[in-house]
Amino acid sequence: MIIAIDGPAASGKSTTSRGVATRMGITYLDTGAMYRAITLGLMEHGVSFKALGSITEFLDTVNIYFGDSNSGNKIFLNDRSVTDQIRSSTVTEKVSEVSAINVVRDSMVQIQREIADNTDCVLEGRDIGTVVFPNADFKFFLVAGLEIRALRRQKDLNKIGEKKTIDEIKADIRLRDELDTNRDNSPLLKAKDAIEIDTGLLTVDEQIDKIVSIIKQ
Ligand code: CDP
């Protein structure tokens, strides 16, 4: 079974997807974390986002995997946990540029399909219901108002010791949504058959309950 959960930045995808996967006892795959890890790796290796040859070489040699796919707790880049580092503003500011690169998407989508072809899985991202698994058993598209999303993201940043104003965060979210929506390859888009859920109107438990009850119906 494939459950696709897509939506814009900070719309509540991670918390909801992880909760749904735990309740259902199936694998959780955070595809955004993969694009973030590649962004971090390219930056650390000083690879220009325009140098397609070097990017391809990096993708051919890099090893990305999740430490515990059920809880989705840790992501590893070449055997090093980069779980907190990929949430930093430095990575967040660049990830949309990297995720728009065709060779990066091809490589990540291949890994995502390999993982989910072999197991029941909740995948969260931007293009899961439209491109990665257009025949997913269930598709959800999460949305929430900008103010709520910015407040959530501020809490996440506080946890890793970063301080940003709500206005700065709103600007970051707006820019990232714009880049993700307007790219040519696999843009952020609600699949025609996806069920839209406004997470601004619900508690985390209610969001999870709603999705699980739709799946179990
Ligand atoms: O958690 P947040 O909403 O901040 O974003 P994320 O899910 O961690 O994704 C980070 C970035 O990766 C997005 O802004 C997209 O540029 C990219 N992404 C993508 O292109 N396709 C996906 N399936 C997932 C993420």
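Just so you know, ligand 1 is whichever comes first in the structure, and atom 1 is the first atom listed for that ligand.
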- Report, in ascending order of atom number, the atoms of ligand 1 lying under 4.0 Å from any heavy atom of Ala9. 3 (O)
- Query: Pick from Gln112, Glu114, Arg113: which one makes a side chain to side chain contact (heavy atoms under 4.5 Å, CB included) with Gln110?
  - Reply: Glu114
- Task: Specify the protein heavy atom at minimum distance from atom 5 (O) of ligand 1: its residue, its atom name, and the distance to 0.1 Å.
- Result: Arg126 NH2, 3.1 Å
- Ser96: numbered ligand 1 atoms lying under 4.0 Å from its heavy atoms: 14 (O), 16 (O)
- Gly125: numbered ligand 1 atoms lying under 4.0 Å from its heavy atoms: 22 (C), 23 (N), 24 (C)
- Message: Applying a heavy-atom cut-off of 4.0 Å, say which part of Arg87 lies close to ligand 1: side chain, backbone, both or neither.
- Response: side chain
- Message: For Lys139, is there an ion pair with Asp193 - N to carboxylate O distance below 4.0 angstrom?
- Response: yes
- Donor-acceptor side-chain pairing of Asn185 and Asn102 below 3.5 angstrom: yes
- Query: Going by heavy atoms in the side chains, are Thr181 and Leu189 under 4.5 Å from each other?
  - Reply: no
- Item | Under-4.0 Å salt bridge between Arg80 and Glu44 | yes
- Would you name the heavy atoms of Leu29 and Cys121 that are closest together and state the gap between them? CB-SG, 4.0 Å
- Starting from atom 18 (N) of ligand 1, locate the nearest protein heavy atom and write down its residue, its atom name and how far away it is, to 0.1 Å. Tyr35 CD1, 3.7 Å
- Note on the structure: The residue among Asp180, Val104, Leu188 that forms side chain to side chain contact (heavy atoms under 4.5 Å, CB included) with Ser99 is Asp180
- Query: Are Gln112 and ligand 1 in contact, using a heavy-atom cut-off of under 4.0 Å?
  - Reply: no
- Which of the numbered atoms in ligand 1 are below 4.0 angstrom from a heavy atom of Lys13? 3 (O)
- Give the residue and atom name of whichever protein heavy atom lies nearest to atom 10 (C) of ligand 1, and the separation in Å to one decimal. Arg176 NH1, 3.6 Å
- Polar-atom distance check: Arg153 versus ligand 1, any N or O pair below 3.5 Å? yes
- Item | Where ligand 1 meets Asp180 - atom numbers and elements under 4.0 angstrom, heavy-atom basis | 13 (C), 14 (O), 15 (C), 16 (O)
- Query: Any ion pair linking Glu93 and Lys164 (charged N to carboxylate O, less than 4.0 Å)?
  - Reply: yes
- Query: Mind checking whether Arg105 has a heavy atom under 4.0 Å from ligand 1?
  - Reply: yes
- Task: Output the list of atoms in ligand 1 that are nearer than 4.0 Å to some heavy atom of Arg36, sorted by atom number.
- Result: 2 (P), 4 (O), 5 (O), 6 (P), 8 (O), 10 (C)
- Can we say Asp30 and Arg87 salt-bridge, meaning some charged N sits less than 4.0 Å from an Asp/Glu carboxylate O? yes
- Message: Measuring from non-hydrogen atoms of Met34 to any atom of ligand 1, is the shortest distance under 4.0 Å?
- Response: no
- Message: Quick test: of every protein heavy atom, which one is nearest to atom 23 (N) of ligand 1, and how far off is it to 0.1 Å?
- Response: Asp127 OD1, 2.7 Å
- Task: Just let me know how Arg183 lines up against ligand 1, side chain, backbone, both or neither, with a heavy-atom cut-off below 4.0 Å.
- Result: side chain
- Within the 4.0 Å heavy-atom cut-off, what Ala10 brings close to ligand 1 is backbone
- Query: Does Arg126 pair with Asp177 as a salt bridge, N-O distance under 4.0 Å?
  - Reply: no
- Message: Counting non-hydrogen protein atoms only, what is the nearest one to atom 25 (C) of ligand 1? Give residue, atom name and distance.
- Response: Gly32 CA, 3.5 Å
- Query: Between Asp209 and Arg23, is there a side-chain N and carboxylate O pair less than 4.0 Å apart?
  - Reply: yes
- Task: May I ask you to check whether Ser99 has an N/O atom sitting below 3.5 Å from an N/O atom of ligand 1?
- Result: yes
- Item | Met1 backbone acceptor or donor facing Asp120 side chain under 3.5 Å | yes
- Query: What protein heavy atom sits nearest atom 24 (C) of ligand 1, and how far away is it?
  - Reply: Thr31 OG1, 3.3 Å
